[in-house]
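In what follows, a single structure is set out as structure tokens and then discussed.
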Amino acid sequence: MLIQFAVGNECFGIKPSGPLKALLVQAENDHEELAEMRDGVLQGSVLEPSKKKQALDSIWMAGIDDLSGGEFIKRCEVLLRQHQPDIVVIDPLFAYIGGAVNEQESVTRFLRQQLLPMIKRHKCACLLVHHANKPPRELKEWRNPMDLAYAGSGSAEFANAARLIFTLQPTKVEGFFELCAPKRGDRLQWKDEDGQPTKRKLIRHSKKPGILCWDEATEAEFTEAAEHAKQVEEDLGSRVLGLISIPLRENH
């Protein structure tokens, strides 16, 4: 997303106002992993060499894994003054909140008293990456998009403070995922394949072997993959049944 936004391109129907400078602050990946992701997107996307250079010149990365709460905000503010990005991505929330995610007091302090005032001072957007809860056991899937607005682990304050929410969840077909915009998603003006308004999109891992990149998927691709997976499962089941039904010879 950041690479596409850096050159002013939309990503999965999310349209930037123009080329955006970005700062990615993260705590989970080392330099080699970040480089692998970067190279995967550059190989998987159709960008001219000049656009690739523009993207790389417009994205800064900072690894912070030793600070949280107010101390993290202070370090982050130094980076915002230095790079002056249009958008800052903080990944993941668990690493930086400095409190219990299920306690509203801790969440409110971090979001409303520390994070939001900081991004307002620097006039930038913030994408806060957070882990989702598992769907309730009695439900095989979330009932509707509004349920997903509160899918983030912990306090409902995360949904209340955010201006817009995206969720990314696996489907029953390996390699296919559902991107949903449960809160204010109608402003994206997404359309399904029949031209009807929707808050959901299918995306998939890249078909290119060894490439770490996301692609938008069609319903036809999803259906074909689901049917193929079902056929493989049935074939495997037939082989297992055939194996266990072989009569045993004496002394074997």
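A quick note: this is a predicted structure, and the numbers were derived from the prediction, not measured.
Legend: residues meeting salt bridge (Lys or Arg N to Asp or Glu O under 4.0 Å) with R109, ordered by chain and number and at least two apart, are E105. Residues meeting the side chain to side chain contact (heavy atoms under 4.5 Å, CB included) test with E103, sequence neighbours left out: A100, S106. Judged as a side chain to side chain contact (heavy atoms under 4.5 Å, CB included), and not counting sequence neighbours, the contacts of A159 are Y150, I165. For the side-chain hydrogen bond (donor to acceptor under 3.5 Å, both in side chains) test, no residue two or more places apart in sequence or in another chain qualifies with K51. When the side-chain hydrogen bond (donor to acceptor under 3.5 Å, both in side chains) test is applied to R184, no partner is found at least two apart in sequence or on another chain. For the side-chain hydrogen bond (donor to acceptor under 3.5 Å, both in side chains) test, residues two or more places apart in sequence or in another chain that qualify with T108 are E157. For the ring-ring contact (aromatic ring centres under 6.0 Å, His included) test, no residue two or more places apart in sequence or in another chain qualifies with F5. Take D57 and apply the side-chain hydrogen bond (donor to acceptor under 3.5 Å, both in side chains) test, not counting sequence neighbours, and it matches K53.
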Contacts table for residues 6-31: side-chain donor-acceptor under 3.5 angstrom, sequence neighbours left out:
{"from": "N9", "atom 1": "ND2", "to": "Q4", "atom 2": "OE1", "distance (Å)": "3.1"}
{"from": "K21", "atom 1": "NZ", "to": "Q84", "atom 2": "O", "distance (Å)": "3.4"}
{"from": "Q26", "atom 1": "OE1", "to": "E28", "atom 2": "N", "distance (Å)": "3.0"}
{"from": "Q26", "atom 1": "OE1", "to": "N29", "atom 2": "N", "distance (Å)": "2.7"}
{"from": "Q26", "atom 1": "NE2", "to": "N29", "atom 2": "O", "distance (Å)": "3.0"}
{"from": "D30", "atom 1": "OD1", "to": "E32", "atom 2": "N", "distance (Å)": "3.2"}
{"from": "D30", "atom 1": "OD1", "to": "E33", "atom 2": "N", "distance (Å)": "2.8"}

Using atom types as modelled, flag every donor-acceptor pair under 3.5 Å from a side chain in residues 202-215 to any protein atom, sequence neighbours excluded.
{"from": "S206", "atom 1": "OG", "to": "K208", "atom 2": "N", "distance (Å)": "3.1"}
{"from": "K207", "atom 1": "NZ", "to": "E221", "atom 2": "OE2", "distance (Å)": "2.8"}

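Applying the ring-ring contact (aromatic ring centres under 6.0 Å, His included) test to pairs two or more places apart or on separate chains, those with a residue in residues 39-69 are W60-H83. For residues 73-88, the set of pairs meeting the salt bridge (Lys or Arg N to Asp or Glu O under 4.0 Å) definition, not counting sequence neighbours, comprises E71-K74, E77-R121.
To the nearest 0.5 angstrom, L148 atom CG is 5.5 Å from Q169 atom CD.
Two residues are said to be in side-chain contact when any heavy atoms from C-beta on lie closer than 4.5 Å; F94 and S153 meet this criterion. Contact of the F158 side chain with the L93 side chain is registered, since non-hydrogen atoms from C-beta on lie closer than 4.5 Å.
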